[in-house]
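Structure first, then comments.
Each ligand, and each atom within it, is numbered from 1 in the order the structure gives. The structure displayed is predicted, hence computed values, not measured ones. FYI, side chains are in, hydrogens and waters are out, and symmetry mates aren't considered; it's all heavy atoms of this structure.
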Amino acid sequence: MSDCLFCAISAGDIPADIVARSDQALAFRDIDPKAPVHILIIPTEHYDDVPAVAEADPGLAGELLALAALVATQEGVAASGHRLVANTGVEGGQSVGHAHIHLLGGRGLGWPPG
Ligand code: 5GP
Ligand code: ZN
C-alpha cells in the first residue's frame, strides 16, 4: 500500500534493523524501544491490523506468532518471559496502520499496562 511506513520497510525503501524473516513475515527492532528487547513482527504484505490478518489468512497469523517465538529465542527472552502485544484501532493505541505484533522483553513488565 502506498504511504504505508511498514510497507516501505518491507520493500526495503526505508531502512530498519531486521532481526529475522520468514516466508511472509519480517521482524525488526522498534525505533523507540519501550523495553530492552522490543521487536515488531509484521506480515510483508499489507493488512490493516492483526484481526484482518487472522480473518483473511489464519495461516499467516500463525506464521507471525511462529516468527515471534523464534525471535524470542534469538533475543534470549524465551525462557525469562516476554510479552506479545497487538495494539488494534484507536482505543487500542495503534499508531501505524499496518498489522504488527510487538515483542517486548528483557525486564519485568507490569500488568495491567497503563
Ligand atoms: P503501534 O503504536 O502502532 O502499536 O506501534 C507502532 C510502533 O512502530 C511504535 O512502537 C513505534 O515506535 C514504531 N515505529 C514508528 N516508526 C518507526 C520506524 O520508522 N521504524 C521502526 N523500526 N519502528 C517505528
Ligand atoms: Zn503496509
CZ-CG distance between Arg21 and Leu26, expressed to the nearest 0.5 angstrom: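 The distance works out to 5.0 Å.
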Considering non-hydrogen atoms only, spot the tightest contact between [X] and [Y] and give its length.
X      : Y      : result
His102 : Asn87  : NE2-ND2, 3.6 Å
Leu64  : Pro43  : CD2-N, 3.5 Å
Ala35  : Leu109 : CB-CD2, 4.5 Å

field: Check: Gln24 side chain, Glu45 main-chain N or O, donor-acceptor pair, under 3.5 Å
entry: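 Flag not set: sc Gln24 to bb Glu45 has no pair under 3.5 Å.
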- prompt: Has the side chain of Gln74 got a donor or acceptor atom that lies under 3.5 Å from a matching backbone atom of Val19?
  reply: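 Yes.
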Near [X], which atoms of ligand 1 are under 4.0 Å from a heavy atom of that residue?
X      : result
Phe28  : 22 (N)
Phe6   : 8 (O)
Gln94  : 3 (O)
Lys34  : 10 (O), 12 (O)
Asp32  : 12 (O)
His102 : 1 (P), 4 (O), 5 (O), 7 (C), 10 (O)

Identify the closest protein heavy atom to [atom]: which residue and atom is it, and at what distance?
atom                    : result
atom 22 (N) of ligand 1 : Arg29 O, 2.9 Å
atom 12 (O) of ligand 1 : Asp30 OD1, 2.5 Å
atom 16 (N) of ligand 1 : Leu5 CD2, 3.2 Å
atom 14 (N) of ligand 1 : Ile31 CG2, 3.8 Å
atom 2 (O) of ligand 1  : Ser95 OG, 2.8 Å
atom 5 (O) of ligand 1  : His100 NE2, 3.0 Å

Would you check the N or O atoms of [X], main chain and side chain alike, for any that come under 3.5 Å of an N or O of ligand 1?
X     : result
Gly93 : yes
Val96 : yes
Leu40 : no

query: Is there a heavy atom in Ala16 that sits closer than 4.0 Å to ligand 1?
result: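 Under 4.0 Å: no for Ala16.
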message: Evaluate Ile101 against Val50 for side-chain contact (heavy atoms from CB on, under 4.5 Å), listing each step before the verdict.
response: CA-CA 8 Å; Ile101 297 174; Val50 169; 3.9 Å; yes
task: Look at the rings of His98 and His46 and say which category their plane angle falls in: under 30° parallel, 30 to 60° tilted, over 60° perpendicular.
output: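 Perpendicular.
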- prompt: Between Asn87 and ligand 1, which residue portion shows a heavy-atom distance shorter than 4.0 Å: side chain, backbone, both, or neither?
  reply: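 It is the side chain that touches ligand 1; the backbone stays farther off.
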message: Is it true that Gln94 and Thr88 share a donor-acceptor pair across their side chains at a distance under 3.5 Å?
response: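 Distance-only check fails for Thr88 and Gln94.
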- prompt: Rounded to 10°, how many degrees is the angle ND1/His46-the Zn ion (ligand 2)-ND1/His98?
  reply: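 The angle at the Zn ion (ligand 2) comes to 110°, rounded to the nearest 10°.
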- request: Can you establish whether the number of heavy atoms outside Arg107 located under 6.0 Å from its atom CZ is more than 12?
  value: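 It does: Arg107 CZ has more than 12 such atoms within range.
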field: Asp3 atom CG, neighbour heavy-atom count above 12 within 6.0 Å
entry: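 For Asp3, atom CG is not crowded (no more than 12 foreign heavy atoms under 6.0 Å).
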